[in-house]
Amino acid sequence: AQTVTQSQPEMSVQEAETVTLSCTYDTSESDYYLFWYKQPPSRQMILVIRQEAYKQQNATENRFSVNFQKAAKSFSLKISDSQLGDAAMYFCAYRSLNRDDKIIFGKGTRLHILP
Amino acid sequence: DTAVSQTPKYLVTQMGNDKSIKCEQNLGHDTMYWYKQDSKKFLKIMFSYNNKELIINETVPNRFSPKSPDKAHLNLHINSLELGDSAVYFCASSQSFRASAEAFFGQGTRLTVV
C-alpha cells in the first residue's frame with residue numbers, strides 16, 4: 001500500500017524568505033500523480049501544485065516549485081518570497097492511477113510566517 | 001458558482017442520533033470521495049465512488065453509509081452517532097484516469113457530537 005510521509009509537523013519562516021517542506025512517499029507503481037494542497041484557517045483545501053510522475057521536469061506555479069526525485073521517492077515544496085497569506089497547513093498527496101483510484105495524504109506541515 | 005458544495009457547513013447533534021451530509025459537484029467529474037479530518041488534521045479517505053459505483057470502502061464502521069443517486073451527488077448518512085465521530089468531513093471530486101488528476105474539495109462539514 002502507498003504511504004506519504006511528511007516529517008516536519010511545523011515550520012516557521014521569515015516573511016520574504018524561502019522555505020522548503022519535505023515529503024517522501026512509498027509506492028511500487030511507476031505512474032502516479034503527486035500534489036501539494038494548502039489548508040488555511042478557513043478550512044478550504046486548495047491545490048498548490050501538481051506533478052505527473054512520468055514528467056522529469058519539476059512543476060512550478062509562480063512562487064511555488066517542487067523538487068521531484070522519483071528514484072528517491074521524494075517530493076519537496078519550495079515557497080519563495082514567503083507571504084503572510086502562505087500561513088497554512090500544507091499536505092502532500094499521492095494519487096494512484098489504478099482502479100482503486102484514491103488520493104492519499106500525508107499528515108501535514110503547519111507553516112508559520114513570521115512578520 | 002461553487003464547484004463542490006456540501007451541506008451543512010456545521011452540524012451539532014447528540015449521541016445516538018442519525019444525520020446526513022449532502023454533497024454535489026457541478027464539474028462533470030466521474031469520481032467522488034468522502035474524507036474524514038480528525039482533530040490532528042489527518043485526512044483519511046472513507047469512500048470513493050466512480051460513476052455511482054462504490055470503489056473504496058476504507059474500514060469504516062457500517063454506521064456510515066454513502067449514497068450516490070447520480071454521479072454529481074454523493075451523500076453520507078451516519079447512524080447512531082458517537083463522540084468519536086466528531087470531525088470535519090470533506091467531500092471531493094475528480095476525474096479519473098489522467099484527464100484531470102487533482103481532487104476538488106467542498107468546504108467541509110464540522111460535525112460535533114455531544
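Just so we're clear, the structure is a prediction, and the values are computed from it rather than from any experiment.
Counting heavy atoms of neighbouring residues, nucleotides and ligands inside a 6.0 Å radius, atom CD of A:Glu10 exceeds 12 of them. Applying the 6.0 Å contact sphere to NZ of A:Lys73 captures more than 12 heavy atoms from other residues, nucleotides or ligands. Few gaps surround CG on B:Asp70; more than 12 heavy atoms of other groups in view lie less than 6.0 Å from it.
Counting heavy atoms from C-beta on, the side chains of B:Lys41 and A:Arg110 come closer than 4.5 Å. Inter-residue side-chain proximity for B:Phe90 and A:Gln39 is flagged as met; some heavy-atom pair is nearer than 4.5 Å. Contact check for A:Ile103 versus B:Tyr35: side-chain heavy atoms found under the 4.5 Å cut-off. Side-chain contact check for B:Leu43 versus A:Lys107: every heavy-atom pair is 4.5 Å or farther apart.
In this structure, A:Val66 is not a member of the same hydrophobic cluster as A:Tyr33, with clusters built from ILVMFWY side-chain heavy atoms closer than 4.5 Å. By the rule that hydrophobic residues join a cluster once side-chain heavy atoms approach within less than 4.5 Å of another member, A:Ile104 and A:Tyr37 end up as members of separate clusters. Hydrophobic clustering of Ile, Leu, Val, Met, Phe, Trp and Tyr side chains at less than 4.5 Å, counting indirect connections, keeps B:Phe104 apart from B:Met32. Under a hydrophobic clustering in which Ile, Leu, Val, Met, Phe, Trp and Tyr are joined whenever their side-chain heavy atoms come within less than 4.5 Å, directly or via other members, B:Val60 and B:Leu76 fall into the same cluster. Cluster annotation: B:Leu83 and B:Ile21 are assigned to the same hydrophobic cluster (Ile/Leu/Val/Met/Phe/Trp/Tyr, side-chain heavy-atom contacts under 4.5 Å, transitive).
Taking the ring axis of B:Tyr89 as reference, the NZ or CZ atom of A:Arg43 does not stay both within 45° of it and closer than 6.0 Å to the ring centre.
With a 4.5 angstrom heavy-atom cutoff, A:Glu52 does not touch chain B via any of its atoms.
To the nearest 0.5 angstrom, B:Phe105 atom CZ is 9.5 Å from A:Gln44 atom CD.
We find that A:Arg95 and B:Glu102 are not joined by a salt bridge, their nearest charged nitrogen and carboxylate oxygen being 4.0 Å or further apart.
Residues A:Phe105 and B:Phe42 place their aromatic rings such that the two centres sit no closer than 6.0 Å.
Using a 4.5 Å cut-off between non-hydrogen atoms, the part of residues 75-91 of chain A that approaches chain B consists of A:Met89, A:Phe91.
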